[in-house]
Amino acid sequence: MSRLTLCDESGKVLEEITDFEDIARKLSEIGVLFERWEPKVALSREDDEERVMEAFKEDIDRLTQEFGFKSCDVVSLTPDSPKKEELRQKFLEEHTHSDFEVRYFVYGDGVFYLHPNDKVYIVHCEGGDLISVPPNTPHWFDMGSSPDFKCIRLFTTPEGWVAQYTGSDIAKRFPKYEEIVQIG
Ligand SMILES: [Fe+2]
């Protein structure tokens, strides 16, 4: 189940929310989109990028019109990927980017940690969930040690984004993917 855990900066849990509408409402307060999309055709794990995009065309077009996205792609990662640890580490430290980060989980899951103010919003996203990270909002992401997901990514710049690391070690004080998923 998708879950939002709201913490203070020391990692102390302040609130846990599992109702989808309540999560969406709470996240909208910090400018974060949280939506649930349904594919227009039945999808299998093996479907290529074109078919995945076709299945979500209406939603992709709607957000593209609203926010002016310039490009869109589909990425997936499996537990046997040789690069999984390298990729995990890349997103595990707090960073920002000027691009508006948008991810839709076609299947699989991941944990976003958003740090827009003196609180940390831990969002466990699952298949069917779309989440955005507003520009310049400190955040990090954990896919776990055995990642298995497929995501649609939307970009406002053709080159995608470049992460600026904040240099903070805050991510080390927070539970990793495995612990978050266990709670849920
Ligand atoms: Fe990011």
Side-chain angles (χ1 to χ4, degrees), residues 2-7 9 11 23-24 26-35 37 49 56 59-60 63-64 66-78 81 83-181:
S2 315
R3 170 185 293 260
L4 167 63
T5 308
L6 186 60
C7 298
E9 287 172 322
I23 295 174
K26 194 79 185 171
L27 290 176
S28 74
E29 291 170 8
I30 53 166
V32 169
L33 284 177
F34 193 64
E35 299 187 350
W37 291 4
E49 178 161 333
F56 297 103
D59 284 311
I60 292 171
L63 288 195
T64 296
E66 193 173 345
F67 299 105
F69 292 111
K70 300 282 191 299
S71 63
C72 178
D73 69 6
V74 177
V75 289
S76 57
L77 210 56
T78 55
S81 164
K83 288 201 149 194
K84 65 180 180 182
E85 196 48 41
E86 186 190 322
L87 284 167
R88 183 186 190 191
Q89 292 306 323
K90 188 174 163 186
F91 304 115
L92 258 187
E93 274 178 56
E94 188 181 69
H95 65 277
T96 64
H97 25 79
S98 55
D99 199 23
F100 181 32
E101 182 170 342
V102 178
R103 300 288 178 270
Y104 170 74
F105 285 84
V106 180
Y107 66 74
D109 67 337
V111 180
F112 278 87
Y113 302 76
L114 311 171
H115 185 200
N117 45 39
D118 62 352
K119 308 237 170 16
V120 175
Y121 295 68
I122 306 175
V123 192
H124 179 210
C125 295
E126 296 195 309
D129 293 348
L130 172 131
I131 189 168
S132 73
V133 179
N136 307 311
T137 297
H139 65 281
W140 64 100
F141 172 73
D142 192 4
M143 59 178 77
S145 58
S146 190
D148 192 16
F149 64 85
K150 185 181 271 187
C151 270
I152 298 175
R153 308 188 295 179
L154 300 164
F155 300 100
T156 50
T157 56
E159 316 78 47
W161 56 270
V162 179
Q164 314 277 343
Y165 290 96
T166 63
S168 164
D169 65 352
I170 187 168
K172 294 192 172 62
R173 298 199 290 274
F174 279 76
K176 296 280 184 292
Y177 169 92
E178 277 77 7
E179 210 177 316
I180 296 295
V181 169

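Each ligand, and each atom within it, is numbered from 1 in the order the structure gives.
Under the ring pair (Phe, Tyr, Trp, His ring centres under 6.0 Å) criterion, H139 pairs with H95, H97, sequence neighbours left out. Under the ring pair (Phe, Tyr, Trp, His ring centres under 6.0 Å) criterion, F174 pairs with W140, sequence neighbours left out. Residues satisfying the side chain to side chain donor-acceptor pair (under 3.5 Å) test with E66, not counting sequence neighbours, are none.
Here the side chains of L33 and L27 are not in contact, with every heavy-atom distance at 4.5 Å or above.
Of all non-hydrogen atoms in F105 and G110, the two that sit nearest each other are CE2-N, 3.7 Å.
Aromatic ring centres of F100 and F69: separated by under 6.0 Å.
Annotation: protein N, O or S atoms under 2.8 Å of the Fe ion (ligand 1) (waters excluded) comprise H95 NE2, H97 NE2, E101 OE1, H139 NE2.
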